[in-house]
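Taking it in order: structure first as structure tokens, then the write-up.
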Amino acid sequence: MRITFPNLGSMHIFCKAIAEAAGIPYVLPPPTTERTRELGEFHTNESVCLPLKIILGNFVEALEAGADTIVMVGSGPPCRLGLYDRVIKLTLRDLGYRFRWLTIPGVFNWQAFLQNHDEARHLKHELRPSNYARFPGALLLGWEKMRRCEEMERAAARKRAVAAAPAEVDARLAAGLRELDQARTRRESAAAARRTLEALDRLPETGRRPLRVRMVGEVYTVLEPGINMDIERRLGHLGVEVHRSSYFSTHIRRGSRLDPSVKRERARLLELARPWLKADVGAECNFSVAEAVDAHRSGFDGVVHVYPFSCMPETNAATVLSAVGAELGLPVLGLVLDRQDMGPRLDTLAEAFVDVMRFRREGRMA
Ligand code: SF4
């Protein structure tokens, strides 16, 4: 058995940690490239969401590299993500690939357990007792790495906006993530993160007061720099501190339902969106609107809304967000992402967005 999983930001670091610590062989999907995207586009039709195309491309490349067991996150209706796992599985089978499939449910309940039961029955025979015995520790290591990873990414986003040389922040973060990836224990992970945070702290600053924006939108697009064209880094280099509305751990906490504060937070956000959006549209739509309202109340200078072309929930959110932005006087940069051909255009949009926020802060614009 050789498991694989999709590329999603730094998710490979903790997936790999879990597999290694539990003694389960794995194949990392090669980094997402133009070829990955083209594979996904070639084997689907144009109306399919961009994340599905890229994940499909990731799996084709991982299967070509020797993986035979795919682990995929699931979800529920009304968003199409609820059908991703089935659609991708069928497409890969039609292409002639042979593999096992495990879905990690969006919500952990009995239905989710039954969904995996058949596939897991075969896998059970390939796992040794030592794999089971090591699994709880592996999960803890994976969780630790996820938290440390997010801690470093948050710190880098803050520092990039004020650093005299933002490229040094990128380099230090990349080195820190590599170090974290190589850490074998929770203690080593914590030490790797501490060293990275200290190194970031020591980098010289310009002394300017950074602009602050919140990045909201479709989950995969918010978390995967390969899809959002690294907008967090691009804005950081223009002196903007980017706060993501969610990280991978946010979605795990929401899905596990173990933390009661998650339910309260969800209710609070839905309430914030209610003046503009009375129904729950699904996926992140209501949260995108609510996070924008919350950003305004928390003194942010603007909101970046990222989503893939043809994403139903976020297309709704985009319409509502233009009303929210106009009513609250909050600059909103909407980025609809599909093909990779918008790099220079994105820089122009980002620069104009930064100018608008700066003029507003200086009172030169209503
Ligand atoms: S949120 Fe949008 S992009 Fe993501 S699966 Fe749903 S429709 Fe597709």
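One-based numbering, in listed order, for ligands and for the atoms of each.
Not counting sequence neighbours, the partners of Arg266 by the salt bridge (charged side-chain N to carboxylate O under 4.0 Å, His left out) test are Asp280.
Enclosure of atom CZ in Arg361 by more than 12 non-hydrogen atoms of other residues, nucleotides or ligands within 6.0 angstrom is indicated.
In terms of hydrophobic clustering, with Ile, Leu, Val, Met, Phe, Trp and Tyr side chains grouped at heavy-atom distances under 4.5 Å, Ile13 and Met72 are assigned to different clusters. When hydrophobic clusters are built by joining Ile, Leu, Val, Met, Phe, Trp and Tyr residues whose side-chain heavy atoms come closer than 4.5 Å, directly or via intermediates, Phe300 is not grouped with Val162.
Set against the non-hydrogen atoms of Glu218, the atoms of ligand 1 under 4.0 Å away are 1 (S), 2 (Fe), 3 (S), 4 (Fe). Atoms of ligand 1 found under 4.0 Å from any heavy atom of Pro308 (numbered from 1 in listed order, with element): 3 (S). Numbered from 1 in the order shown, with element, the atoms of ligand 1 that lie under 4.0 Å from a heavy atom of Tyr84 read 5 (S), 8 (Fe). Within the listing of ligand 1, atoms 7 (S) sit less than 4.0 angstrom from a heavy atom of Met312.
Phe99 and Phe59 have their aromatic ring centers separated by at least 6.0 angstrom.
The protein atom (non-hydrogen) at minimum distance from atom 8 (Fe) of ligand 1 is Cys49 SG, 2.3 Å. Nearest protein neighbour of atom 6 (Fe) of ligand 1, counting heavy atoms only, is Cys79 SG, 2.0 Å.
For a distance bound of 2.8 Å, the N, O or S atoms of Cys311 include none lying that close to atom 8 (Fe) of ligand 1.
With Cys285, Gly282, Pro313 as candidates, the residue nearest to atom 7 (S) of ligand 1 on a non-hydrogen basis is Pro313.
Closest of all the heavy-atom pairs between Val336 and Phe309 is CG1-CA, 3.6 Å.
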